[in-house]
Each structure stands twice: as structure tokens, then as C-alpha cells.
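Note sheet for the following structure.
In what follows, every chain begins at residue 1, and chains take the letters A, B, ... in the order their sequences are listed.
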2 protein chains.
Amino acid sequence: MSSSKKPRHRVPKVGTPVRGSKTGRPIMVALDLLGRRTALRILWELRDGPLTFRALQEACETTPGLLNTRLKELRATDIVTHADGGYCLTAQGRKLRTALNPLSAWAQAWADEGAGKRAQD
Amino acid sequence: MSSSKKPRHRVPKVGTPVRGSKTGRPIMVALDLLGRRTALRILWELRDGPLTFRALQEACETTPGLLNTRLKELRATDIVTHADGGYCLTAQGRKLRTALNPLSAWAQAWADEGAGKRAQD
DNA sequence: TTGGTTGCTATCAATTTTATAGCATTGTCC
DNA sequence: GGACAATGCTATAAAATTGATAGCAACCAA
């Protein structure tokens with residue numbers, strides 16, 4: 001049987017509709033999963049190795065509640081795991097982290113061009 | 001003078017604190033900006049050229065209110081612009097889109113491995 | 001047994017997002 | 001000149017998510 005209390009939170013899953021997309025296409029699922037607050041940040045902070053729940057919480061400047069919600073999602077999707085020394089990236093997670101490298105490179109260039117600086121009057 | 005009514009919405013800006021980060025480091029600003037709902041999706045949907053407000057809204061499966069909020073942010077940060085035929089990516093925006101390619105490649109591989117499928121019992 | 005650390009859960013307020021409705025242009029078409 | 005249709009939004013209220021804070025059970029060490 002599958003639990004009796006209503007789920008107030010659902011983990012994105014490939015092949016089924018996710019928030020903002022009815023198709024369930026992988027890229028959409030990924031965009032939903034990674035588009036949630038601090039999801040990308042967690043990936044980023046785990047880049048140099050495992051961190052304990054609390055260390056990760058401080059690194060991400062977030063709250064235990066949200067961190068735990070995100071960790072459940074990232075663990076359920078095989079991106080993060082809770083190994084011996086704390087939370088760390090799985091093989092898939094490391095690949096994802098690598099796939100994010102161009103993003104940080106872009107961010108730096110973007111900042112250098114002053115684009116972000118012109119924002120917000 | 002700088003408007004008298006209090007701003008209920010702020011656009012992330014390099015060098016100043018953003019949601020989830022007090023440092024204002026470019027990567028953090030980018031993670032905040034792109035970590036907001038449908039932000040990445042908008043970038044994705046504009047990959048093949050300009051779309052009108054409404055076409056973009058349908059493509060992103062979102063509402064005018066949210067779309068408009070995101071567009072303001074993306075326009076203020078020089079990632080999206082409203083040219084002749086509708087909304088489209090700026091030069092920076094196109095670079096960002098390119099920087100996201102590895103992500104979609106990852107998403108496909110991730111899906112193929114069935115990782116996302118195991119999620120959410 | 002007194003402390004510290006870790007990994008959470010519980011509550012509640014604040015903010016964000018979703019769902020709808022609708023309006024002021026602008027540009028056809030007849 | 002109407003009668004559309006399309007575009008680019010704004011407005012409003014409800015639902016969902018996030019942020020802040022408190023606190024607890026398990027474990028380890030002194």
C-alpha cells in the first residue's frame with residue numbers, strides 16, 4: 001500500500017508531468033528540479049566534497065526545512081547521497097556539476113560586462 | 001528621485017546581496033536569478049528565435065503575471081530583450097543559452113539511466 | 001552525566017506562484 | 001468606419017513554497 005496521508009510535496013520524475021510541464025521530458029524535469037530554490041546552490045556547494053547537513057545548511061545560507069526538502073528530492077533522483085562523511089554528489093551528481101561549469105564561467109563574464117550591475121535602478 | 005512606493009520585487013544584481021546569498025558574487029547572483037521558477041525555461045524556449053509574449057507564455061506553460069515578472073528580471077539583467085518580432089535573447093542571453101547545453105545533454109543521459117524514474121515511489 | 005554534534009521535524013509568518021479575468025492598443029479586413 | 005483578432009500586459013484572490021525559529025532524539029567523548 002502507498003501511505004495514507006496526502007503528499008504535500010512531490011519529487012519530479014522523468015516521464016510524468018512536473019510543475020510547469022505536462023510532458024515529462026527529461027529536460028523539463030531537470031529544469032523543474034533545478035529551478036527550485038537552492039537546488040543549484042546545493043550542487044555548487046558540494047563541489048569540493050561531502051558536507052554534513054549543518055555545514056551544508058550554512059554554506060547554502062538556508063534553513064533546515066528547505067534544505068531537507070531539497071535533499072529528499074536530490075536523493076530521490078540519484079543526484080545526491082548521504083554517504084559516510086555527510087552529503088555528497090553521486091556519480092550522476094558529479095556529472096551534473098560538471099555540466100554546470102559553463103554556467104559559472106558565463107556568470108563571471110556576465111558580471112565583468114557589467115550587465116548585472118545595470119539591474120535594479 | 002527614486003519612486004516612493006516600496007518595491008515588492010527586486011531584480012538580482014551583481015555585487016549586492018541576493019536571495020540566499022549575502023556576498024553578491026556573480027555565480028550566486030546567477031544561481032538566484034536562474035533558480036527562480038520558469039527562468040531557465042524561458043531561456044530554453046527562446047532557443048530557436050523570438051516569440052511573442054503570448055507564444056512564450058504558452059510555450060512555458062505559465063501565467064502572464066509570472067512571465068512578466070521573469071521577463072522584467074531577464075530584461076533588466078540584459079539576458080532577454082523585446083525586439084521587433086517579440087521577445088528574444090540578447091548576445092549575453094545567447095551565450096547563457098549555450099552554456100546550458102551541457103545541462104540538457106546531462107538531463108538526457110540522466111533520464112536514460114532511469115535515475116529520475118526511480119523517484120517518487 | 002554533562003556537553004557537543006548531527007540530522008532532522010514542527011510551527012507560523014512572509015513571499016511567491018498559480019489561476020482567472022479583463023483591458024487598452026494596434027493592425028487587418030470589409 | 002466598425003468588427004474582429006492578436007499583443008502586451010495589469011488586477012485579484014487562493015494556493016503553494018520559502019524563511020525564521022525552536023527544539024528533539026541519537027550518538028560520541030570526556
Side-chain angles (χ1 to χ4, degrees), chain A residues 3 5-12 17-23 28-29 31-43 45-46 49-76 80-88 120, chain B residues 3 5-12 17-23 28 31-42 45-46 49-76 80-88 120:
Chain A
S3 167
K5 44 181 189 179
K6 80 176 174 189
R8 55 213 196 310
H9 175 251
R10 114 177 294 233
V11 176
V18 294
R19 291 191 299 183
S21 175
K22 299 170 190 162
T23 66
M28 295 306 165
V29 177
L31 291 182
D32 175 24
L33 184 63
L34 302 177
R36 298 179 180 195
R37 183 120 314 140
T38 70
L40 286 171
R41 179 68 174 272
I42 290 170
L43 271 287
E45 298 298 347
L46 289 179
L51 291 176
T52 65
F53 185 94
R54 288 196 161 148
L56 184 55
Q57 185 195 321
E58 283 176 48
C60 295
E61 298 170 72
T62 188
T63 60
L66 180 60
L67 179 58
N68 195 38
T69 297
R70 287 295 160 276
L71 284 176
K72 279 176 186 167
E73 294 164 359
L74 295 173
R75 293 171 75 172
V80 163
T81 189
H82 191 195
D84 196 57
Y87 286 95
C88 58
Q120 174 73 21
Chain B
S3 166
K5 43 181 188 177
K6 80 176 173 187
R8 53 214 196 310
H9 177 245
R10 117 174 292 231
V11 176
V18 293
R19 292 191 299 182
S21 174
K22 299 170 189 162
T23 67
M28 292 307 164
L31 291 182
D32 177 23
L33 184 64
L34 303 177
R36 298 180 180 194
R37 181 117 315 142
T38 71
L40 286 171
R41 179 68 174 270
I42 290 171
E45 298 297 346
L46 289 178
L51 290 177
T52 65
F53 186 93
R54 287 197 161 151
L56 185 54
Q57 184 195 321
E58 283 177 48
C60 295
E61 298 170 71
T62 189
T63 61
L66 180 61
L67 179 58
N68 195 38
T69 298
R70 286 295 161 275
L71 284 176
K72 279 177 185 165
E73 295 163 359
L74 294 173
R75 292 172 76 172
V80 164
T81 189
H82 190 193
D84 197 56
Y87 287 95
C88 58
Q120 174 74 24

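For A:Arg75, the salt bridge (Lys or Arg N to Asp or Glu O under 4.0 Å) criterion is met by no residue, not counting sequence neighbours. B:Phe53 pairs by the ring-ring contact (aromatic ring centres under 6.0 Å, His included) definition with nothing, not counting sequence neighbours. The side-chain contact (heavy atoms from CB on, under 4.5 Å) test applied to B:Leu40 returns A:Leu31, B:Leu34, B:Leu100, not counting sequence neighbours. Residues satisfying the side-chain contact (heavy atoms from CB on, under 4.5 Å) criterion with B:Arg37, sequence neighbours excluded, are A:Arg19, A:Asp32, A:Arg36, B:Leu66.
Nucleic acid contact class of B:Arg75 (heavy atoms, under 4.0 Å, all strands): sugar-phosphate only.
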Scan nucleotides 17-25 of chain C against the protein and return all N/O pairs shorter than 3.5 Å with their distances rounded to 0.1 Å.
from: C:dT17; atom 1: OP1; to: B:Arg70; atom 2: NH2; distance (Å): 2.7
from: C:dT17; atom 1: OP2; to: B:Arg70; atom 2: NH2; distance (Å): 2.7

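Taking atom CZ of A:Arg10 as the reference point, atom P of D:dA16 lies 14 Å away to the nearest angstrom. Atom NZ in B:Lys72 sits roughly 15 Å away from atom P in D:dG8 (whole-Å rounding). Put simply, CG on B:Asp32 is 13 Å from P on D:dT18, counting in whole angstrom units.
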Assess the residue pair B:Leu46 and B:Leu51 against the criterion (side-chain contact (heavy atoms from CB on, under 4.5 Å)); give the C-alpha distance rounded to whole Å, side-chain angles, the decisive distance to 0.1 Å, and a yes or no. CA-CA 7 Å; B:Leu46 289 178; B:Leu51 290 177; 4.1 Å; yes
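Contact annotation: B:Asn68 side-chain N/O to D:dG8 OP1/OP2 distance is not under 4.0 Å.
Applying the side-chain hydrogen bond (donor to acceptor under 3.5 Å, both in side chains) test to residues at least two apart or on different chains, the pairs with a partner in residues 61-71 of chain B are B:Arg41-B:Glu61, B:Arg70-B:Glu73.
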